[in-house]
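Structure, as structure tokens:
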Amino acid sequence: MGCLKGIFRFLVIAIVIAGFFYLDGPGFIKEKIDGYTSPEREIFVQDEKDFGNLANVPSDYIFQRSITIGKYRKILITHTPSGQKISIIDIGDTTTLNQADFYTTKIDLKLYQLMDTVKNSPLEVKNIEITQRGTILAKGKIVPYVNFTAKLKIMPLIKVSGTIAAYNTKNADDGIVAKISKAVKQNKEDTSTKIVLSTRLSGNYSFEVVQNLIKSISFIGIN
């Protein structure tokens with residue numbers, strides 16, 4: 001009897017799997033995922049407005065949501081002419097890193113910690129060296145940044161360059177933030193730090209691409 005139950009269970013599972021593929025289940029799932037990660041630009045701007053007003057970002061910067069589980073939320077922006085990728089990461093609080101840290105030596109240590117915990121690439125880095133400190137005047141906010149170089153852990157002869165900047169905004173009270181606020185255990189009324197992070201092989205890295213993106217984000221009317 002046990003053997004018959006096992007065979008029956010196997011047949012049911014096989015039928016379900018066959019039906020899933022017959023009805024294009026993978027295509028349906030892909031469509032839903034693409035709809036979440038790459039919605040129409042107007043929808044993206046509205047849903048992610050706690051990252052700042054992205055409406056005036058030039059069209060050659062393409063937005064995409066990352067599917068993340070845990071404390072951090074991330075959007076990925078690709079500058080299509082250069083192929084350079086920029087992440088804007090909501091780290092969920094203002095204690096891990098905040099704008100004030102950029103004006104003290106705290107940023108030196110916190111940069112190491114962030115690169116270990118907030119992964120922007122599967123390639124880990126070491127020997128991080130800050131090469132420039134400054135601020136960028138965005139629309140309605142001064143955004144501090146540092147530029148840095150580092151070596152790849154697995155290939156120490158290869159250098160990468162990058163930029164990390166930070167600004168604080170209050171999380172939106174509607175849209176996608178409200179939908180996932182419970183999952184990330186984050187009060188939707190809290191202010192949190194948003195990190196702008198971009199890294200690339202040193203010879204191909206462009207700070208101007210990051211700078212122009214930040215300058216195009218409007219913070220007027222954003223808490």
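Residue numbers start at 1 and run along the sequence shown.
Annotation: the span from Ile86 atom CD1 to Arg200 atom CZ amounts to 10.0 Å, rounded to 0.5 Å. Once rounded to the nearest 0.5 Å, the distance linking CD1 of Ile164 with CD1 of Ile195 reads 4.5 Å. Taking CG of Leu54 as the reference point, atom CG of Leu213 lies at 8.0 Å (rounded to 0.5 Å). Atom CD of Gln132 and atom CG of Asn147 lie 5.0 Å apart (nearest 0.5 Å). Note that CD1 of Ile89 and NZ of Lys194 are 12.5 Å apart. Values are rounded to the nearest 0.5 Å. How far NZ of Lys139 is from CZ of Phe219: 10.0 Å, rounded to the nearest 0.5 Å.
Put simply, the side chain of Gln64 does not reach to within 4.5 Å of the side chain of Thr78, judged on heavy atoms. The side-chain heavy atoms of Ile88 and Glu48, taken from C-beta on, include no pair separated by under 4.5 Å. A 4.5 Å side-chain heavy-atom check between Val210 and Gln84 finds at least one atom pair inside the cut-off. Contact of the Ile217 side chain with the Val143 side chain is not registered, since no non-hydrogen atoms from C-beta on lie closer than 4.5 Å. In this structure the side chain of Val57 reaches within 4.5 angstrom of the side chain of Arg41, judged on heavy atoms. Under the 4.5 Å side-chain criterion, counting only non-hydrogen atoms from C-beta, Arg65 is in contact with Phe44.
Nearest heavy atom pair, residue Pro144 against residue Phe102, reads CB-CB, 3.6 Å. When all heavy atoms are compared, the tightest approach of Lys215 to Ile136 is CG-CG2, 3.7 Å. Here the closest non-hydrogen pair linking Lys141 and Asn168 is NZ-O, 3.4 Å.
Cluster partners of Ile142 are Tyr103, Leu137, counting Ile, Leu, Val, Met, Phe, Trp and Tyr whose side-chain heavy atoms approach within less than 4.5 Å, directly or via other members. Grouped by direct or indirect side-chain proximity (heavy atoms under 4.5 Å, Ile/Leu/Val/Met/Phe/Trp/Tyr only), Ile62 sits alone.
For Lys151, there are no salt bridge (charged side-chain N to carboxylate O under 4.0 Å, His left out) partners at least two apart in sequence or on another chain. Listed by chain and residue number, nothing satisfies the side-chain hydrogen bond (donor to acceptor under 3.5 Å, both in side chains) test with Ser216 (two or more places apart in sequence, or in another chain). A search for side-chain hydrogen bond (donor to acceptor under 3.5 Å, both in side chains) contacts involving Thr149 returns nothing, not counting sequence neighbours. For Ala100, the side chain to side chain contact (heavy atoms under 4.5 Å, CB included) test picks out Asn98, with sequence neighbours left out. Here Glu42 pairs with nothing under the side-chain hydrogen bond (donor to acceptor under 3.5 Å, both in side chains) rule; sequence neighbours left out. Among residues two or more places apart in sequence or in another chain, the ring-ring contact (aromatic ring centres under 6.0 Å, His included) test is passed with Tyr61 by His79. In this view, Ser202 and Lys159, Ser161 satisfy the side chain to side chain contact (heavy atoms under 4.5 Å, CB included) rule, not counting sequence neighbours. For Tyr145, the ring-ring contact (aromatic ring centres under 6.0 Å, His included) partners two or more places apart in sequence, or in a different chain, are Phe207. With sequence neighbours excluded, no residue satisfies side-chain hydrogen bond (donor to acceptor under 3.5 Å, both in side chains) with Thr135.
Listed by first and then second residue, the side chain to side chain donor-acceptor pair (under 3.5 Å) pairs that reach into residues 203-212 are Thr163-Tyr205, sequence neighbours excluded.
There is a path of hydrophobic side-chain contacts, each under 4.5 Å, that joins Leu97 to Ile130. Cluster membership check: Ile77 does not share its hydrophobic cluster with Ile43, using side-chain heavy-atom separations under 4.5 Å among Ile, Leu, Val, Met, Phe, Trp and Tyr.
At distances below 3.5 Å, not a single donor-acceptor pair connects side-chain atoms of Thr199 with backbone N or O atoms of Gly162. Under the 3.5 Å distance criterion, the side-chain polar atoms of Ser87 are left unmatched by any main-chain donor or acceptor of Leu76.
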